[in-house]
*Asks:* 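Before I ask anything, let me first share the structure, which is written out below as structure tokens.
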2 protein chains.
Amino acid sequence: MQSGSGVWHCNFGQSEKATPGRFWKIGEYTALKNGGASLPFQNSDILGRKTTRGFVVEIPMEKGDNFYGFGLQFHGFNQTGRRRFLKVNSDPVTNTGESHAPVPFFVSSAGYGLLVDSFRYVTIYPGTASETGSSDQRRILIEIPNCQGVDLYFFEGPAMLDAVRRYNIFSGGGCLPPLWALGNWYRAYGGSDQNHVQKLADEFRQNEIPVDVLGLEPGWHSHSYSCSYLWNKNLFPEPETMVQKLSEKGFHVNLWEHVFVHPSSELYGDLASHCGDYEVWGGLVPDLADNTAQDIFSKYHGEKFVAKGITGFKLDECDNSDFKRSDWSFPELSSFPSGLDGEQMHSALGLLYQKTIEQAFRERGVRTLGQVRSSWALAANSPFVLYSDLYDHKQFIRALVNSGFSGLLWSPEVRACEDGEDLIRRVQTTVFSPQSLLNCWRIPNPPWFQTNTEKNLAGEEMDESTSITCIVKKFLTLRMSLIPYLYAAFFRYYTEGLPPLRALVLDYENDQPTHSVDDQYMLGDSLMIAPVFRGQPARDVVLPHGEWYDYWTYQKFDGSQTLHLDVPLETIPVFVKSGAILPLADPVQCVKENTIFNLTVYCFGSGAKEITLYEDDGISFDYESGRLNKLTISQNAAGETSVKRDGTESIRYNIREWKFIKE
Amino acid sequence: MQSGSGVWHCNFGQSEKATPGRFWKIGEYTALKNGGASLPFQNSDILGRKTTRGFVVEIPMEKGDNFYGFGLQFHGFNQTGRRRFLKVNSDPVTNTGESHAPVPFFVSSAGYGLLVDSFRYVTIYPGTASETGSSDQRRILIEIPNCQGVDLYFFEGPAMLDAVRRYNIFSGGGCLPPLWALGNWYRAYGGSDQNHVQKLADEFRQNEIPVDVLGLEPGWHSHSYSCSYLWNKNLFPEPETMVQKLSEKGFHVNLWEHVFVHPSSELYGDLASHCGDYEVWGGLVPDLADNTAQDIFSKYHGEKFVAKGITGFKLDECDNSDFKRSDWSFPELSSFPSGLDGEQMHSALGLLYQKTIEQAFRERGVRTLGQVRSSWALAANSPFVLYSDLYDHKQFIRALVNSGFSGLLWSPEVRACEDGEDLIRRVQTTVFSPQSLLNCWRIPNPPWFQTNTEKNLAGEEMDESTSITCIVKKFLTLRMSLIPYLYAAFFRYYTEGLPPLRALVLDYENDQPTHSVDDQYMLGDSLMIAPVFRGQPARDVVLPHGEWYDYWTYQKFDGSQTLHLDVPLETIPVFVKSGAILPLADPVQCVKENTIFNLTVYCFGSGAKEITLYEDDGISFDYESGRLNKLTISQNAAGETSVKRDGTESIRYNIREWKFIKE
């Protein structure tokens, strides 16, 4: 792992006791030097002052600076001039800055990133407001409420991507999911019982629908709002047998829950003195900022579930709510034994919850990848993917594109679908995302059988089911081919802080058209994805400089242009960067411990090129102590190929064939 | 005016310096007594504590208590269990409590009202949250941020309506609009010049479309964002002549503006040292909490406009914005010379602006009624009506129904219309509201000529224009018949604090079905209105106890039932309470100083009944010193009628005919 060099700390007033930095920062840093050459301003240019409302910081900027980030933003991309109110909100329906995972971190095109190290509802004005008499020479304004001072961390560029990478390394490096978690996920019908789940699993295998993870929704709990964390024995009389049987067929089981503890839970008594002073749905709100509460919660999950073969959790409802009636969440005026108040806990809860659950796995030496509804700053190394109940596809993609600025992973999960077209368009996006997920909690049959909920419940197959199934299967299968490539991308996330998914502007900052592209993104080193929405017969695709190959036809395009493409339903625009090596695996139905992937290695364009893949056990933390092979696949300028394997672990990848794409 | 008896003051910690109470309270009050019999709790039951975030107050409640109010709420009615975040927001698109005019005042069915005396973004949890270990025995929680203490005012019942009336009296009593302001308002096309406005006015008179007020939109300014407050001489070369000519035809002129002062304004220099430290649209934000700034702004308006015949203003854009790009408003971290910060100024600005403009009129002894986009607590005696850019008709009506809980007036103005049906449904509501307003700023021709904006701009008449015009004219004319009745209702608002428009639950608190009726309301003493929305062929109407007469057919209905009514386009369900006297005037085209209304007096049902009308000059403040006639019209139990005139002023009302409605 790189050191955290190029990170500068700046303090005003009295530091807050509980902050993301104090909880989770990893990297080293030095105090901000006067005249530091690498930031576009001097220490003395940064002004701080205490106000009645909290603390205000002002930072210089120039006209023309662009600002990106602020976490999982659904409604804006280039945030210049937009007031960003960074509050956790489960219903971010408008462009205020609120989100499931707002993050007080942004990058500036002036060549740096800035983390405001607080759990407060920070407001950031990046060129939004003009001081009276300033002749419109604006500054970045930051307001941190309810505090006596603030800590800031600046992350050097020179490029925005450099700043993002430093931020991710500072967070501990990106997470590395288990290999199986890069396959397809399917969350089963909420009314499922044990038999239904097993039947569904068998059908996937019979029909060769590749699925690695089956998720169970609230119904597995004996009481779910608040949670008992006990199996509902009516629906699941033999849960351990079920998990074991599914495991033998190569399925991982993921369990839904939230953090609010029902009186019938075995955790209730132990947590009663380690919780907030307000309940949620009659359940305790455990103070996960308190190590004891974290240990109690974590230990229970380890013993009751991880030890019995459960490999992940879906952490719901930790993202507050201002809209719902009555006690959907705890008030901001709450207090917790750890000293956090309700405002701070709302910001911290998602990530504290992730860390608590992760601990149950880490103690057993097993990796996990989970789902979560909320996160905050310094989350990069937490193995959880965000999701939402909101459902506009365009907004989902914008959130996806934004996620890479702030150390977040986001799943544009496939859920309700208008029709077959909508289903396909959404499947085409999810398979090209960090987590390929279908959430079918409302329907007993798969959506390719029937997209209409009522008819699905009635068991009525839709007319076009056969053709739709065929296309869906093609894309779920394609996902399996991408696993070695994606795993390599996550390794770079872990080692170099490079997000596996990035807005175009991060890779092509000097290409002016990328500055506002919120519906295309880079996935891994060399794939550029341009999702299509239902009802869209054609779309524009911005190609940055260089040369690009159509993923499907191998047609070559010059960069620095905008293509207008027809987008037939069977395809989604995907382009490969010239100069890339893309390893594609023969698809498997699921990833087992001993799965060996047969690779076809595609070399795009002329010139020297290289990719490094990683081979490890795919499930443990042994890679952290170097138990892995580095497999370097390259082609030199003369066109000669070579493969170099560094390490003595078992072989995971077997190169079967080479293909050379030039015209 | 009644004294403010039955109002109790309660203080915790250090009082805030700037609060609505310190600025605007009028009534007397006594300290909250221990064991006070009239409130449902003891002084010692109310708990207060300082927190990191501000101050928290807890108040007892019982299960089953209902809560109403919180200002101009668009998305909720019975607010029990709803977190209310009381922040001024120009785009209140979701049910958070935010609004153009949130008010930290509510009434409880337990028999009291409560004002939290602050300009802070107060959050109130009326039975929303359950304390850990409380066995779900909830309390009302109130959080006031960024303060060291708080002042509360409790308003005694026993009924909710009593509490509302005390609150309004405490605010100085309700406002009394000038008589002409109860006629119809029409805001002219934004691209209008002087000739267009005069032509429009002439057409109204020729076609007998009754209109009292013509409004000019931003185009009258030489610079409008920010404002110059100077006539655009290209469009309006002779504004004084225009205003005088319009006045001779009986039209009042209302001018649009906002509070942000452009450098080209004559006010700029004087206000430069009395403004906030951030600009809006390159304009100053005058510190209207500072008397000097208020005087400068007010004096200018008095001399330049009021003295020259302008009788009102539309005060736009004083309601913040979190959504819009760049400096749509000033940041909360702003500070003002008066000591208010940006948060407090956002809450206070609407009402400070109203008071400033009102002062220009009061100094000249002339009443006004204006429009405004924001308000706050203790606004009842401010002669301004709220409006919004949002436009859902159902939400408009809900806001109307809610407005009467908190001393606010709201206009469900007619603006863009889907089609002729939508136009008629909206006109049918606005004529039964405190301000009958058509805002046609986007269309050069009246909406009854063409509802489609593009076609209206192109001068293309819609097919059904003749029949639509006929219905619209019928309702605008009906409005003119209601003026004496409405003026009497406003007099009761002024003298007794009785809102002219009230949710059914205020008049019929013990009728359980009224507890959730958010689409019917009482207008004046005895009319109950049930608006209809486009596409609605029928609707349910809740009739409270007693007997009711259909306004149109005189058909009698027993109360305590819900009617299902067909609602043909020509009509809107209106019911008259049995036992009411309803005076209806022969309609006039506009209200002049010497207008005498010929009345038909309708007596509904049997038994003794009475109404008091008021005769004054309709334009000055002389009524405050008793220069008015009280005209008491009554019928005794034996059916004998009588009319008693108390006072020596000129006669305004002439009773032409009596009608007795019984079956």
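Owing to the predicted nature of the structure, the values given are computational and were not obtained by experimental measurement. Chain identifiers are assigned alphabetically (A, B, ...) following the order of the sequence lines, protein sequences preceding nucleic acid strands; residue numbering begins at 1 within each chain.
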*Asks:* Let me know if A:Glu58 has heavy atoms under 4.5 Å from chain B in its side chain, its backbone, both or neither.
*Replies:* side chain
*Asks:* Taking NZ, NE, NH1 and NH2 as the nitrogens, is one of them in B:Arg120 or B:Glu16 under 4.0 Å from a carboxylate oxygen of the other?
*Replies:* yes
*Asks:* Heavy-atom pairs under 4.5 Å with chain B are the metric here; pick the option from A:Ser130, A:Gly81, A:Ala129 that has the most.
*Replies:* A:Ser130
*Asks:* With a 4.5 angstrom heavy-atom cut-off, which part of A:Asp341 approaches chain B: side chain, backbone, both or neither?
*Replies:* side chain
*Asks:* In Å, rounded to the nearest 0.5 Å, how long is the span from CG of B:Asn66 to CZ of B:Phe77?
*Replies:* 9.5 Å
*Asks:* Sort out for me which of A:Thr96, A:Thr94, A:Asn95, A:Asp136 touches chain B most, counting heavy-atom pairs under 4.5 Å.
*Replies:* A:Thr94
*Asks:* Which heavy atom in A:His262 sits nearest to a heavy atom in A:Ser228, and how many Å separate them?
*Replies:* CB-N, 4.1 Å
*Asks:* Does either side chain, that of B:Gln137 or that of B:Ser135, offer a donor lying less than 3.5 Å from an acceptor on the other one?
*Replies:* no
*Asks:* Can you confirm whether or not the ring centre of B:Phe336 sits under 6.0 Å from the ring centre of B:Phe330?
*Replies:* yes
*Asks:* Look at the side chain of B:Asp327 and the backbone N and O of B:Val280, then say whether any donor-acceptor pair between them is shorter than 3.5 Å.
*Replies:* no
*Asks:* Pick whichever of A:His75, A:Gln148, A:Arg84, A:Glu343 has the most heavy-atom pairs under 4.5 Å with chain B.
*Replies:* A:Glu343
*Asks:* Considering only heavy atoms, which portion of B:Leu333 lies under 4.5 Å from any heavy atom of chain A: side chain, backbone, both, or neither?
*Replies:* both
*Asks:* Select one option (side chain, backbone, both, neither) describing which atoms of B:Thr80 are under 4.5 Å from chain A's heavy atoms.
*Replies:* both
*Asks:* For B:Phe85, is it the side chain, the backbone, both, or neither that has a heavy atom closer than 4.5 Å to a heavy atom of chain A?
*Replies:* neither
*Asks:* Less than 4.5 Å to any heavy atom of chain A: does that hold for the side chain of B:Glu332, its backbone, both, or neither?
*Replies:* both
*Asks:* Give, as side chain, backbone, both or neither, the part of A:Thr51 having an atom under 4.5 angstrom from any heavy atom of chain B.
*Replies:* neither
*Asks:* Does atom NZ of A:Lys394 have more than 12 heavy-atom neighbours, drawn from other residues, nucleotides or ligands, at distances under 6.0 Å?
*Replies:* yes
*Asks:* Output the distance between atom CD1 (A:Ile296) and atom CG (A:Leu271), rounded to the nearest 0.5 Å.
*Replies:* 5.0 Å
*Asks:* With a 4.5 angstrom heavy-atom cut-off, could you sort out which part of A:Pro145 is near chain B: side chain, backbone, both or neither?
*Replies:* neither
*Asks:* Would you mind telling me which of A:Arg83, A:Glu279, A:Arg53, A:Glu143 has the largest number of heavy-atom pairs within less than 4.5 Å of chain B?
*Replies:* A:Arg53
*Asks:* Any chance the rings of A:Tyr225 and A:Phe260 have centres within less than 6.0 Å?
*Replies:* no
*Asks:* Check whether A:Cys275 gets within reach of chain B through its side chain, its backbone, both or neither, counting any heavy atom under 4.5 Å.
*Replies:* side chain
